Amino acid sequence: MKFSNYFLPTLKNIPADAEIISHQLMIRSGMIKQSSAGIYSWLPLGLRVLKKIEQIVREEQNKAGAIEILMPTIQSADLWIKSGRYEEYGKEMLRIKDRSDREMLYGPTNEELITDIFQSYINSYKDLPKNLYHIQWKFRDEVRPRFGIMRGREFLMKDNYSFDLTKEDAKISYNNMFKAYIKTFLRMGLTPISLRADTGPIGGDLSHEFQILANTGESTLYYDKDLESLDPQNLNPEKLQSYYAAVDDHHNENQCPISKSQLKISKGIEVGHIFYFGTKYSEKLGGYVQNNKGNKIAVHMGSYGIGVSRLVGAIIEAFHDDKGIVWPTQVSPFQVSLINLMPENNKCLDASNKFYSQLINHKIEVLYDDREVSIGKKLSDNDLLGFPYQIIIGSKNLKDNLVEIKVRKENFIEKFNPEDAINFIKTQLNTII
RNA sequence: CGGGGAGUAGCGCAGUCUGGUAGCGCACCUGGUUUGGGACCAGGGGGUCGAAGGUUCGAAUCCUUUCUCCCCGACCA
């Protein structure tokens, strides 16, 4: 993509409405535009990140055996009245009436709908287990939306629902998802910390929340430092759940089971939550199957959420510096910035154009900054955008047949001849999972 | 929902107290000069001052009502 053809409005001034760093950077890098409180439009660059995160989540769900569906955003109130949550959910639920005066709502979550789908088609224990998910926009009319995209009223969430015959089976599904979650966050370059959680309004008796480490996070976490170096190839959910991890409210220095040298303290942001809630919804909404003796049994359910849009902000909170965003390669909107410092210089132009087609041929995602703006503007914009690699082309180095590569994360700059530059980038990108 | 703050050009702000032709920086347009870290010079365009009502010869400024947004707290993916 050529910058001059793209729609990427970068901003020098920090918008007054944005308080936290990820919100500021998302606006300054032209990722989002606020539409009203807690509701945002996604501009091209932001959308690319959102889609990448969504895709990683999807792939890991599929690998774990979950099956993708898509349920509507607007739901009828009927099922919610049945489950008792039409009252219970309160003002956070956005209620709408259609033209026939039927009560509708913009779904804040989907337990009711999924159970209804389940009960329509699944009647036998032979069809279990099942695990269905979708990635869909939700709306919760928060009292106070804040932190930009991280706590919007409208947000994109992956949520899935498992159905099992017994509690024991449900536990297997639960642990399966637990593992998938850890893998998902690791793939995004994040450090996930799982904590046993209060079950809250969803209800149930087993629940974990997943936080990712970020210096600017809201919660303070106390955890076993082994959790910082997990091997994605070799994850044991039971073992992971046995590690010590607690938010500050629950942490007690005197009762902490691990040694001080093993204990780490850091800030975190919640990005996922999983629940086992037994037969709460299946009983109310008819989620029954027959077992091998012909008895009707309410299925054991779990639900599992990942805040996809929140992750965009959370990742920026985890990865930025004073110049801008520092994207992990896996979710970066583009992999490479190709920066032509002097577009009016024919040699630079030729070299840049050549790089551009080579990168495209190698299927490397490149944003080619071909704009006629000052050098400083160009370099600082690209630092702000924060793609992992920058290929910088200028006349001085080109005289010696050299270009610069800047690794954004390390702020490391090295000169290469053009062939080696491409190879270097290729090698670097191939080492990413 | 309790407490606090803010709405003036695309963005950031001054002007409001003390009423008298709406300003600055960035961005944008034109021309020129520059060219390895947010360039310089000259010229230019862009505003029903959030909205409605009122006071006044005259309102961004005073009064009333209202809408919106942000921050702190209680609550959450």
Side-chain angles (χ1 to χ4, degrees), chain A residues 9-20 23-24 27-28 30 33-39 53 57 89-93 107-110 135-160 181 185 197-202 207-212 218-219 247 268-275 303-314 322-324 339-345 348 371-385 390 392-399 402-404 406 411 413 415:
Chain A
T10 59
L11 232 54
K12 194 168 163 182
N13 288 342
I14 299 170
D17 279 355
E19 184 76 5
I20 61 162
H23 192 195
Q24 293 175 359
I27 292 171
R28 287 186 52 213
K33 168 161 172 49
Q34 180 162 349
S35 162
S36 58
I39 301 178
I53 291 171
V57 170
Y89 226 96
K91 284 191 153 181
E92 271 195 29
M93 184 148 73
T109 177
N110 289 66
I135 300 173
Q136 178 64 292
W137 292 91
K138 309 287 190 288
F139 195 93
R140 293 183 191 166
D141 201 355
E142 303 269 353
V143 209
R144 179 150 104 87
R146 59 183 120 174
F147 306 139
I149 214 69
M150 288 215 288
R151 180 130 172 240
R153 294 192 291 171
E154 188 181 51
F155 58 98
L156 186 61
M157 180 162 104
K158 185 282 304 175
D159 47 322
N160 50 341
Y181 270 42
F185 299 129
D198 299 330
T199 50
I202 304 231
S207 173
H208 282 87
E209 62 177 55
F210 293 81
Q211 302 231 7
I212 57 103
E218 253 202 303
S219 340
V247 291
I269 299 168
E270 187 183 357
V271 292
H273 210 145
I274 63 179
F275 304 87
S303 79
Y304 314 88
I306 290 180
V308 174
S309 48
R310 171 178 286 189
L311 270 166
V312 180
D322 55 346
K323 289 181 181 147
I339 307 169
N340 182 1
L341 293 181
M342 298 164 193
E344 59 298 307
N345 174 311
C348 290
R371 294 174 301 168
E372 304 211 1
V373 297
S374 76
I375 287 160
K377 160 87 171 153
K378 220 170 258 196
L379 293 172
S380 55
D381 262 1
N382 281 282
D383 282 346
L384 169 68
L385 297 174
Q390 299 175 0
I392 303 171
I393 296 173
S395 61
K396 281 184 190 167
N397 284 320
L398 216 50
K399 274 183 192 142
L402 292 172
V403 299
E404 272 176 14
K406 174 167 169 181
N411 208 17
I413 296 179
K415 293 178 185 178

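Residue numbering restarts at 1 for every chain, and letters A, B, ... go by the order of the sequence lines. On a predicted model such as this, the values are computed, not experimentally measured, just so you know.
For B:C57 and B:C17, the C1' atoms lie 23 Å apart once the distance is rounded to whole Å. Distance check on atom C1': B:G25 versus B:U68 gives 26 Å, rounded to whole Å. Annotation: B:G50 and B:A22 have their P atoms spaced 14 Å apart (nearest Å). B:A39 sits 14 Å from B:U35 when the P atoms are compared, rounded to a whole Å. The P atoms of B:G10 and B:C41 are separated by 25 Å, rounded to the nearest whole Å. Comparing B:G19 with B:C24, their P atoms sit 24 Å apart, to the nearest whole Å. For B:G47 and B:G54, the P atoms lie 26 Å apart once the distance is rounded to whole Å. Here the separation of B:G43 from B:C63, taken at their P atoms, is 41 Å to the nearest Å.
For A:Ser36, the side chain to side chain contact (heavy atoms under 4.5 Å, CB included) partners at least two apart in sequence or on another chain are A:Ile39, A:Arg153.
Using modelled atom types, one finds no donor on one side chain facing an acceptor on the other under 3.5 Å when comparing A:Asn397 with A:Lys399. Looking at A:Glu270 and A:Ser219, their side chains never bring a donor and an acceptor atom within 3.5 Å of each other. Between the side chains of A:Gln390 and A:Asp383, at least one donor-acceptor pair of N or O atoms lies under 3.5 Å.
Not one N or O on the side chain of A:Glu218 forms a donor-acceptor pair closer than 3.5 Å with the backbone of A:Ile269. Side-chain atoms of A:Ser207 never come within 3.5 Å of backbone atoms of A:Phe275 as a donor-acceptor pair (strictly under, hydrogens ignored). A donor-acceptor pair under 3.5 Å links the side-chain atoms of A:Lys378 to the main chain of A:Asn340, judged by distance alone.
Pairing for B:A51 goes to B:U65, judged as Watson-Crick or G-U wobble with the two contacts each under 3.5 Å. Summarising the base pairing, B:U56 is matched to no nucleotide, lacking a Watson-Crick or G-U wobble pair whose two defining distances lie under 3.5 Å. In this entry B:C75 has no Watson-Crick or G-U wobble partner, no candidate having both defining distances under 3.5 Å. Pairing for B:A39 goes to B:U33, judged as Watson-Crick or G-U wobble with the two contacts each under 3.5 Å. Pairing of B:G10, defined by two Watson-Crick or G-U wobble distances under 3.5 Å, is identified with B:C26. Pairing for B:U16 is absent, judged as Watson-Crick or G-U wobble with the two contacts each under 3.5 Å.
Note on A:Gly305: nothing from the nucleic acid sits closer than 4.0 angstrom, heavy atoms only. A:Ile27 comes within 4.0 angstrom of nothing in the nucleic acid, heavy atoms only. In this structure, A:Lys378 reaches neither bases nor backbone, as no heavy-atom distance under 4.0 Å exists between it and the strands shown. Within 4.0 Å (heavy atoms only), A:Gly152 reaches at least one base atom of the nucleic acid. A:Ser36 comes within 4.0 angstrom of sugar-phosphate atoms only, judged by non-hydrogen atoms across all strands, and of no base. Counting non-hydrogen atoms under 4.0 angstrom, A:Val271 reaches the backbone sugars and phosphates but no base. Looking at heavy-atom distances under 4.0 Å, A:Asp159 makes no contact with the nucleic acid at all.
Residue pairs meeting the salt bridge (Lys or Arg N to Asp or Glu O under 4.0 Å) criterion with at least one partner in residues 9-20 of chain A, sequence neighbours excluded, are absent.
The side chain of A:Ala37 sits closest to B:C69 out of B:G73, B:C69, B:G12. Distances were taken from every side-chain heavy atom of A:Asn397 (C-beta onward) to each of B:G36, B:A74, B:G37; the shortest belongs to B:G36. Considering only side-chain atoms of A:Lys396, the nucleotide from B:G12, B:G73, B:G36 that sits closest is B:G36. Of the listed nucleotides (B:G36, B:G37, B:C13), B:C13 has the atom at the smallest distance from the side chain of A:Ala16. Of all nucleotides listed (B:G38, B:C1, B:A77), B:A77 comes nearest to the side chain of A:Phe155. For A:Lys91, taking side-chain heavy atoms from C-beta onward, the closest of the listed nucleotides B:C1, B:A77, B:G36 is B:C1. Looking at the side chain of A:Glu344, the nearest of the listed nucleotides B:G12, B:G37, B:U35 is B:U35. The side chain of A:His273 lies closest to B:A77, out of B:U35, B:A77, B:G73. Side-chain proximity of A:Ser380 to the nucleotides B:G38, B:C1, B:A77 is greatest for B:G38. Taking every side-chain heavy atom of A:Arg146 into account, B:C75 is the closest of B:C75, B:C76, B:G12.
At a cut-off of 3.5 angstrom, the base of B:C75 holds at least one donor-acceptor pair with the side chain of A:Arg151. A donor-acceptor contact under 3.5 Å links the side chain of A:Arg28 to the base of B:G38.
The aromatic rings of A:Phe185 and A:Phe210 are tilted relative to each other, their planes meeting at an angle between 30° and 60°.
One can place CZ of A:Phe275 at 9 Å from C1' of B:A77, the figure rounded to the nearest angstrom. The distance between atom CD1 of A:Ile392 and atom C1' of B:G36, rounded to the nearest whole Å, is 9 Å. Note: CD1 (A:Ile53) to P (B:A77) measures 18 Å, nearest angstrom. At whole-Å resolution of the value, OH in A:Tyr89 and P in B:C76 are 10 Å apart. Distance CZ (A:Arg153) to P (B:A77): 18 Å, rounded to an integer number of Å. As a whole-Å value, the separation of A:Ile339 CD1 from B:G37 C1' is 11 Å. Taking atom CD of residue A:Glu372 and atom P of nucleotide B:C29, one finds them 12 Å apart after rounding to whole Å. For the pair A:Gln390 CD and B:G36 P, the computed distance is 17 Å after rounding to whole Å.
Taken from CG in A:Leu311 to CE in A:Met150, the straight-line distance is 10.0 Å, to the nearest 0.5 Å. To the nearest 0.5 Å, atom OG1 of residue A:Thr109 and atom CZ of residue A:Phe139 are 15.0 Å apart.
At B:A77, none of the side-chain N or O atoms of A:Gln211 fall inside 4.0 Å of OP1 or OP2 (strictly under the cut-off). Phosphate contact (OP1/OP2 of B:C71, side-chain N/O of A:Arg144, threshold under 4.0 Å): present.
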What protein N or O atoms touch nucleotides 23-27 of chain B N or O atoms at under 3.5 angstrom, if any, and at what distances?
{"unit_1": "B:G25", "atom_1": "N2", "unit_2": "A:Asn13", "atom_2": "ND2", "d": "2.7"}

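For the pair A:Glu142 and A:His23, nearest-nucleotide mapping onto RNA chain B gives the more 5' position to A:His23. When each of A:Met150 and A:Asp17 is assigned the nucleotide of RNA chain B with its nearest heavy atom, A:Asp17 is the one assigned upstream, toward the 5' end.
Classification of A:Glu154 and A:Lys138 as a salt-bridged pair fails, no side-chain N sitting under 4.0 Å from a carboxylate O.
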